[in-house]
Amino acid sequence: MIKNFAKKYKDYVIELRRDFHQHPEPSFQEFRTCKRIQEELLKMDIPFKIVAKTGVIATICGNKSGKTIVLRADMDALQVQECTGVDYSSLNKGVMHACAHDGHTSMLLGAARILKDIQQKIDGTVKLYFQPAEEIAQGALKMIEEEPLENVDGCFGIHLWSDLPIGTVSVEEGPRMASADIFKITINGKGGHGSLPHQTVDSVVVGSALVMNLQAIVSREISPLEAAVVTVGAFSSGTRFNVIANQAILDGTTRAFNPEVRNNFKHILERVLKGTCETYRAKGTLDYVYGTAPCINDSTCSKIATKSVETLLGKQGVIKMEKITGGEDFCYFLEKVPGVLAFVGARNPKKNADYPHHHEKFNIDEDSLEIGTALYAQYAIDFLNTSI
Ligand code: NI
């Protein structure tokens, strides 16, 4: 039934997606997008409120009392100059929907129409979260701060995915995307003449030793069965060949799928920093900033989602996908309530839809929009009808 509704609204969703695609807006500046969403919701007679500056939460109350499910779609674009050559290319110079969030927003509006059509048959409540600022990992937190997920039983998000072929969907349980945290280390030594190292504490030597010692964390301290990353991406120190630098600054990131591993990183980094600095008579400080947590799909919800995909696409529509070391701020929803982040295949080389996300030629096979629209609605119904 849902499948037929999605077919009916296919052109509507494609038209919306092209409109959003032509008018991309960066994080927390999604003013036009926010306005368009409101216009569509008004036409559908669905009540909504504005949160997190440019976010929208719409509510569809079913006939009977029951559970509450949150469906989430992100809305923001990226600072990328579009080079796809499509006739609905970005009109905003230097900004592009290069991660398919235009598709997500359109699909959720399509799903809103379906759910409104069958409102009387819904047992429970569906809340639609149109989320700003995913690309800077701040929108989800801000929405949840302003509208806590109280009395919410589950959440569901979709990412259209260019690595998966069109017609396939990944909803497996467990970690799907990694935590992404940021650190800055400042090493203070004692500068001096390059010819008289014994009078100095060389921060370049301390920093170099530290980079190497940090590499032993993943290789020697974390189980080889756990995937984890410690990367020092920038090392700034020194001014010229014969001056010993008194300071070094190291910038880096950690990634992990296991929350325990993630939470240990700060403590381990502190210990390695302290030990290394002591060895070389330097002083060091660590500034550790928590970014996004790992996205972990709940196992019961994953089973429900698998059934939803099978209902729409048959068993062959369900695909297994390797987890990804990138971050996604849907983690903040998943930390509060059980749910699933689904990856909906949008790849089709015949339609030039085979570039990676964030690429200037990124595009999707628009047939994926019908699948995503149906999946939002199907999952909502299936979740509300399952007792967990
Ligand atoms: Ni994205």
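All values derive from a computational prediction rather than experimental measurement. Atoms within each ligand, like the ligands themselves, are counted from 1 in listed order.
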Q) So which protein N/O/S atoms does the Ni ion (ligand 1) have within less than 2.8 Å? A) Cys99 SG, His101 NE2, His159 NE2

Q.
Can you classify the ring geometry of Phe183 versus Tyr288 as parallel (below 30°), tilted (30 to 60°) or perpendicular (above 60°)?
A. parallel

Q | Check against side-chain contact (heavy atoms from CB on, under 4.5 Å), Glu25 and Arg32 | A | CA-CA 8 Å; Glu25 296 167 302; Arg32 184 189 179 277; 3.2 Å; yes

Q: Please answer whether the main-chain N or O of Ala346 pairs with a side-chain N or O of Ser368 as donor and acceptor at a distance below 3.5 Å.
A: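 Checking the backbone N and O of Ala346 against the side chain of Ser368, no donor-acceptor pair under 3.5 Å is found.
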
Q.
Aromatic contact between Phe333 and Tyr129, with the criterion being ring centroids under 6.0 Å apart: yes or no?
A. yes

**Q.** Heavy atoms from other residues, nucleotides or ligands near CD of Glu15 exceed 12 (cutoff 6.0 Å)
**A.**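 Count not over threshold, so no.
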
Q | Residue pair Thr54, Glu30: steps toward the side-chain hydrogen bond (donor to acceptor under 3.5 Å, both in side chains) verdict | A | CA-CA 6 Å; Thr54 44; Glu30 308 91 340; 2.6 Å; yes

